[in-house]
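Working notes, structure below.
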Number of protein chains: 2
Amino acid sequence: MNTSADAPLGNIEILAPLCSVFRRFLKERNLRYTQERADVLDAVMATDGLFEAEGLLAEVRARSAHTVSKATVYRTLRLLQEAGIITPTLIDPKQTHYQLVYGRTPADTLVCMETGQHVALRSAEIEALRNKLAEEHGWTVTGHRFVIYGISPDASTNTRPDPSA
Amino acid sequence: MNTSADAPLGNIEILAPLCSVFRRFLKERNLRYTQERADVLDAVMATDGLFEAEGLLAEVRARSAHTVSKATVYRTLRLLQEAGIITPTLIDPKQTHYQLVYGRTPADTLVCMETGQHVALRSAEIEALRNKLAEEHGWTVTGHRFVIYGISPDASTNTRPDPSA
DNA sequence: GTCGGTGCAAATGCTTTGCATTGAT
DNA sequence: ATCAATGCAAAGCATTTGCACCGAC
């Protein structure tokens, strides 16, 4: 429940240097590139679209034999954020979701209210609109988040999923 | 820290019937219209733009002499949500923010990364873009959330606020 | 008079932190 | 060797819930 369906992401040319970006970031701060941090970054790269801490922990554990603690996952998520590799996405008030952003405009998302499925979007128009609106108010833009809630074709095909929402 | 600057909201013609809307909603569900619920709704109407639970509690206590508990504020927030009067806004991963939505398109927001200040926006273009994007993916839209992060003119005027972020 | 509502305090669940041990450089 | 990172378990917070008493209908 933490990956999207047909997200056009997962660009390998972009993913490869992520590891170096992270290492460089760590070195700059006199922090160490550890096995655990590498494992977490790998798991992040394996997700395409969105993920949250708990799911990432599961992913880390599934991919590598090492045990990585929840605390380390959270600590690494913070570093990845500071390194500009991921960004929080605020889809769900109960949990923080993140997405890979390094090397691309933060993807906007389409979230299904019934299945929880999400699809990452990209649209230059969003950015243009954002810039226009901020400018009208005299603000300097640093970023944005655009989430569209809806019913996915998959969900509307099925009879009647869980109505608790 | 829970109200906006120049939000063009706070429309009295819309606010007046809110109370009846809420009463009708409660009656339909065989729930009671209590003093505490009225106080919370009043406080919600007094905010223009965004608010969160803790701030709302303070507002309730400031406006009415009655004591309303935190639990009741949270319980009432849920009812107001179910009544379609407010909606969660997801600006901050640590706390749920809400906004009044009854009778209007949910306002989109401009959030200042330095001062925390926020301004509610309205733009038909956002909605149009939203509909277009969802349609392209074959989804049925039920709503959206658009948050622009930036630096407000107020903040950029000041020398150098808190750089922790 | 009857349920539903309220306040309080305890419970939850995500996220963060203190501390002793382990490990990258 | 040194200094930071890890894991664990405990602490922190926003939010929710159980329960006994109170109040709207």
Side-chain angles (χ1 to χ4, degrees), chain A residues 1-2 19 22-41 43 50-58 60-61 64-83 86 88-98 164-165, chain B residues 1-2 19 22-41 43 50-58 60-61 64-83 86-98 116 164-165:
Chain A
M1 192 166 287
N2 65 354
C19 173
F22 194 35
R23 293 179 88 135
R24 206 176 308 133
F25 166 83
L26 291 171
K27 182 160 287 179
E28 261 172 26
R29 294 209 181 182
N30 270 77
L31 300 178
R32 293 162 187 174
Y33 185 69
T34 64
Q35 183 62 54
E36 288 83 355
R37 288 176 180 168
D39 288 349
V40 172
L41 178 55
L50 298 156
F51 58 90
E52 25 64 48
E54 201 67 44
L56 190 66
L57 179 61
V60 170
R61 291 185 170 164
S64 73
H66 319 97
T67 10
V68 173
S69 73
K70 193 174 289 195
T72 294
V73 167
Y74 277 105
R75 288 191 272 235
T76 306
L77 282 173
R78 187 189 296 173
L79 290 171
L80 288 170
Q81 236 181 108
E82 292 173 6
I86 64 174
T89 303
L90 309 180
I91 275 183
D92 174 357
K94 295 194 180 304
Q95 237 182 332
T96 303
H97 288 245
Y98 299 87
S164 66
Chain B
M1 194 167 286
N2 66 352
C19 172
F22 195 34
R23 294 179 86 134
R24 206 176 309 132
F25 167 83
L26 292 171
K27 182 161 286 179
E28 260 173 26
R29 294 210 183 182
N30 271 76
L31 300 179
R32 292 162 187 174
Y33 185 69
T34 63
Q35 183 61 54
E36 289 82 356
R37 287 174 180 171
D39 288 349
V40 172
L41 178 55
L50 298 156
F51 58 91
E52 26 64 49
E54 201 68 44
L56 191 65
L57 179 61
V60 170
R61 291 185 170 164
S64 72
H66 319 96
T67 12
V68 172
S69 72
K70 192 173 290 193
T72 294
V73 167
Y74 278 105
R75 286 191 273 235
T76 306
L77 282 174
R78 186 188 298 174
L79 290 171
L80 289 169
Q81 234 181 110
E82 291 173 7
I86 63 175
T87 190
T89 303
L90 311 179
I91 275 183
D92 172 358
K94 296 194 179 302
Q95 236 182 333
T96 303
H97 288 245
Y98 297 89
S164 68

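Numbers restart at 1 for each chain; the letters A, B, ... are given by sequence-line order, proteins then strands. Here the structure is a predicted model, which means the values were calculated and not measured.
- The side-chain contact (heavy atoms from CB on, under 4.5 Å) check on B:Phe25 picks up B:Phe22, B:Arg29, B:Leu79, B:Glu82, B:Ala83, with sequence neighbours excluded.
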Letter per nucleotide, 5' to 3', of nucleotides 16-25 of chain D [B base touched, S only sugar-phosphate touched, - untouched; heavy atoms, 4.0 Å]: BBB----BBS

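- The CG atom of A:Leu77 sits 13 Å away from the C1' atom of C:dT16 (whole-angstrom rounding).
- With sequence neighbours excluded, the residues satisfying side-chain contact (heavy atoms from CB on, under 4.5 Å) with B:Asp92 are B:Lys94, B:Gln95, B:His97.
- Note on the helix from C:dG1-D:dC25 to C:dT25-D:dA1: angle between the axes of the first and last five pairs equals 40°, rounded to 10 degrees.
- Qualifying salt bridge (Lys or Arg N to Asp or Glu O under 4.0 Å) partners for B:Lys70, counting only residues two or more places apart in sequence or in other chains: B:Glu54.
- With rounding to whole Å, A:Leu26 atom CG is found 14 Å from D:dA4 atom P.
- Every residue meeting the side chain to side chain donor-acceptor pair (under 3.5 Å) condition with A:Gln35, not counting sequence neighbours, appears here in chain and number order: A:Asp39.
- Protein atom CG of A:Leu57 is 12 Å distant from nucleotide atom P of C:dT15, rounded to whole Å.
- Formation of a donor-acceptor pair under 3.5 Å by the A:Arg37 side chain with backbone atoms of A:Arg32 is found in this model.
- Here A:Ser69 pairs with A:Ala71, A:Thr72 under the side-chain contact (heavy atoms from CB on, under 4.5 Å) rule; sequence neighbours left out.
- A search for side-chain contact (heavy atoms from CB on, under 4.5 Å) contacts involving B:Ala58 returns nothing, not counting sequence neighbours.
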